[in-house]
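One structure is given here, and the rest of the page talks about it.
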2 protein chains.
Amino acid sequence: MQRPFLHPAMEDVTLESVLYALADPARLAIVQKLASEGCGMNCSSAAPAAMPKSTQSHHFQILREAGLIRSERRGTEVVNALRCVEVEKRFPGVVSAILKASEKAKKR
Amino acid sequence: MQRPFLHPAMEDVTLESVLYALADPARLAIVQKLASEGCGMNCSSAAPAAMPKSTQSHHFQILREAGLIRSERRGTEVVNALRCVEVEKRFPGVVSAILKASEKAKKR
DNA sequence: TCCGGTTGTTCAATATTATTGAACTATTGA
DNA sequence: TCAATAGTTCAATAATATTGAACAACCGGA
């Protein structure tokens, strides 16, 4: 049996861990993709193309432990979804402003 | 002669560099302090107590290069100030939301 | 039920970054 | 000119990140 995913309670999530998670370009891109799709996605689809699987796995773990995503095993794959509402309630405006800015930046 | 400080034009500042700069606890604390004072502060005052000078210097450089602060030599010291208005215009809501959240977090 | 394909994890080696002591520069005030 | 103050630079070391390789779990089909 594989280790189950651990999701921190939102009250235990720190601003620092959230910023740390989002400060990495690859992870920001993952979060952006998850936000743009609106629904859950598996790791390979959400991660930037050509990223090694072990690196993907690592980044998703960081995002999970930062409280930004929720991951669930579905057969061979893992479905990841943003914890938008919860995060927004805990740190109002933070992630939404970052996503908005990053969307705008992409279009430049 | 010492190298002059280089401040990026705000249009060249990237969201990633801003997030990277703010993701470090020491740097976030510096930015918080600068924000709370409202006016410029020298490095030693704005940095967390007991931080080695070489480390301070490094962190201020990161903040400067990320476009978050402006530094100016005044005699033997360097006066640092947030580039609030400019940053807010470039990435609306981002830094302000982070500072608000970090203020709240401190009070817990 | 066994096998091959798919998806992701883990571990350990390597590569990249961060931290810091020590030596140094620049400025000021006595 | 000298000592004190404030910060910078550099190089060594410490801490993190990345990734290949081996592995585990699950699925669908023969």
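Quick note on labels: first sequence line is chain A, next is B, and so on, each numbered from 1.
Atom CG of B:Leu19 is separated from atom CD1 of A:Ile98 by 4.5 Å, given to the nearest 0.5 angstrom. Taking CG of B:Leu28 as the start and CG of B:Leu99 as the end, the distance is 7.0 Å to the nearest 0.5 Å.
What separates CZ of A:Arg74 from C1' of C:dG8 is a distance of 16 Å, to the nearest Å. One interatomic measurement links the two molecules: CZ of A:Phe5 to P of D:dA24, which rounds to 17 Å at whole-angstrom precision. Rounded to a whole Å, the CZ atom of B:Arg73 is 14 Å from the P atom of C:dT25. In this entry the distance linking CE of B:Met41 with P of D:dA6 reads 13 Å, nearest Å. Atom-to-atom, CG of A:Asp24 to P of D:dT16 comes out at 15 Å; the value is rounded to the nearest Å.
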Going 5' to 3' through nucleotides 2-7 of chain C and flagging B where a protein heavy-atom sits under 4.0 Å of the base, S where only the sugar-phosphate is that close, and - otherwise, we get ----BB
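Taking the charged nitrogens against the carboxylate oxygens, A:Arg90 and A:Glu88 have no contact shorter than 4.0 Å, which rules out a salt bridge. Comment: A:Glu86 engages A:Arg83 in a salt bridge, judged by a side-chain N to carboxylate O separation of less than 4.0 angstrom.
Of the residues in residues 54-69 of chain B, those lying under 4.0 Å from DNA chain C by heavy-atom distance are B:Ser54, B:Thr55, B:His58, B:His59.
Heavy atoms only, all atoms of each residue included: A:Ala26 and A:Met51 are closest at CB-CE, 3.5 Å.
The shortest side-chain heavy-atom distance between A:Met10 and A:Lys89 does not fall under the 4.5 Å cut-off.
In terms of modelled atom types and a separation under 3.5 Å, the side chain of A:Asn42 and the main chain of A:Val78 share no donor-acceptor contact. Without hydrogens or angle criteria, A:His7 side chain to A:Ser71 main chain gives a donor-acceptor distance under 3.5 Å.
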